[in-house]
Amino acid sequence: PGVIHMDITIYGKGVCIDDWPGYSLDLFTYPQHYYEDLDYVLIPHGIIVDRTECLAKGIMQDIGDNNIVVLCVLKGGYKFCADLVEHIKTLIRNSERSISVKVDFVRLKSYHNDQSTQDMQIIGGDDLSKLTGKDIIGTGRTMKALLNNIDKYKPKMIKVASLLVKRTSQPDGYRPDYYGFEIPNLFVVGYALDYNEHFRDLNHICVINDNGKGKYEV
Ligand code: HPA
Ligand code: MG
């Protein structure tokens with residue numbers, strides 16, 4: 001017991017987590033109200049933040065002297081977005097560059113329990129209302145639809161950063177420009193990711209157990 005050896009491969013731009021049994025929950029602190037509800041820690045909070053710093057560095061190398069408008073996809077993306085923006089701001093402050101950073105938000109919802117549903121809801125982002133009611137399933141398609149909508153504003157450059165990429169059996173070919181970790185096709189919670197609105201207040205990215213699924217099922 002103790003620290004488990006982590007079997008990871010660095011793939012080009014992301015860290016691939018494969019056949020990784022996770023960390024024991026005993027090694028970390030987490031909210032008491034989730035003590036019975038989790039299986040293991042997949043990615044500890046500190047590693048998420050460190051990896052995000054590296055993504056920020058890559059983004060700032062690619063951005064040139066362009067100002068940045070960050071479009072944060074709520075709610076699950078708020079922690080990653082906040083940490084990424086903080087790292088970007090630090091890099092700008094410590095450079096000779098004059099780059100402004102603005103942040104906007106859009107909210108998408110397509111999950112019921114741990115299943116992706118057909119009807120994706122878009123809340124907020126008036127200009128994106130055209131998307132409402134379309135059948136968009138899975139992050140790849142959601143992102144493609146969102147990008148089509150943004151394209152009409154003819155931004156100079158669009159880059160997509162995602163903390164996680166899931167290895168699904170039907171990859172639809174979409175890859176973000178920057179990603180933190182490639183994970184197996186597991187339902188994960190924490191670091192703003194929810195299961196029916198629960199677990200967003202968990203710092204680490206974890207896998208829930210059957211007890212947790214049952215307890216918060218709707
Ligand atoms: N967890 C929480 N929300 C999600 C996930 C997940 O694994 N995949 C898509 N939305
Ligand atoms: Mg959700």
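Each residue takes its place number in the sequence, starting with 1. As the structure lists them, so they are numbered: ligands from 1, and atoms in each ligand from 1.
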Only pairs under 3.5 Å count here: list side-chain donor-acceptor contacts from residues 60-74, not counting sequence neighbours, and write none if there are none.
unit_1, atom_1, unit_2, atom_2, d
Asp62, OD2, Tyr178, OH, 2.6
Asn66, OD1, Lys156, NZ, 3.0
Asn66, ND2, Ile63, O, 2.8
Asn67, OD1, Ser100, N, 2.8
Asn67, OD1, Ser100, OG, 3.4

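- Here the side chain of Asp177 pairs no donor or acceptor atom with the backbone of Ala161 at under 3.5 angstrom.
- Judged by the shortest distance from any of its heavy atoms, Leu186 lies inside the 4.0 Å radius around the atoms of ligand 1.
- Closest approach between the Mg ion (ligand 2) and any N/O/S atom of Asp194 involves OD1.
- The ligand atoms of ligand 1 that sit less than 4.0 angstrom from a heavy atom of Lys166 are 5 (C), 6 (C), 7 (O), 8 (N).
- Using a 4.5 Å cut-off on side-chain heavy atoms (C-beta onward), Ile88 and Ile99 make no contact.
- Among the atoms of Glu197, none of the N, O or S atoms falls under 2.8 Å from the Mg ion (ligand 2).
- Every atom of ligand 1 with a heavy atom of Asp194 under 4.0 Å away is listed here by number and element: 2 (C), 3 (N).
- Close N/O approach between Val188 and ligand 1 is found [any backbone or side-chain N/O within under 3.5 Å].
- In this pair, Tyr34 and Tyr216 present their aromatic rings perpendicular. The plane angle is above 60°, beyond the 30 to 60° band.
- In this structure the side chain of Ile205 never reaches within 4.5 angstrom of the side chain of Val189, judged on heavy atoms.
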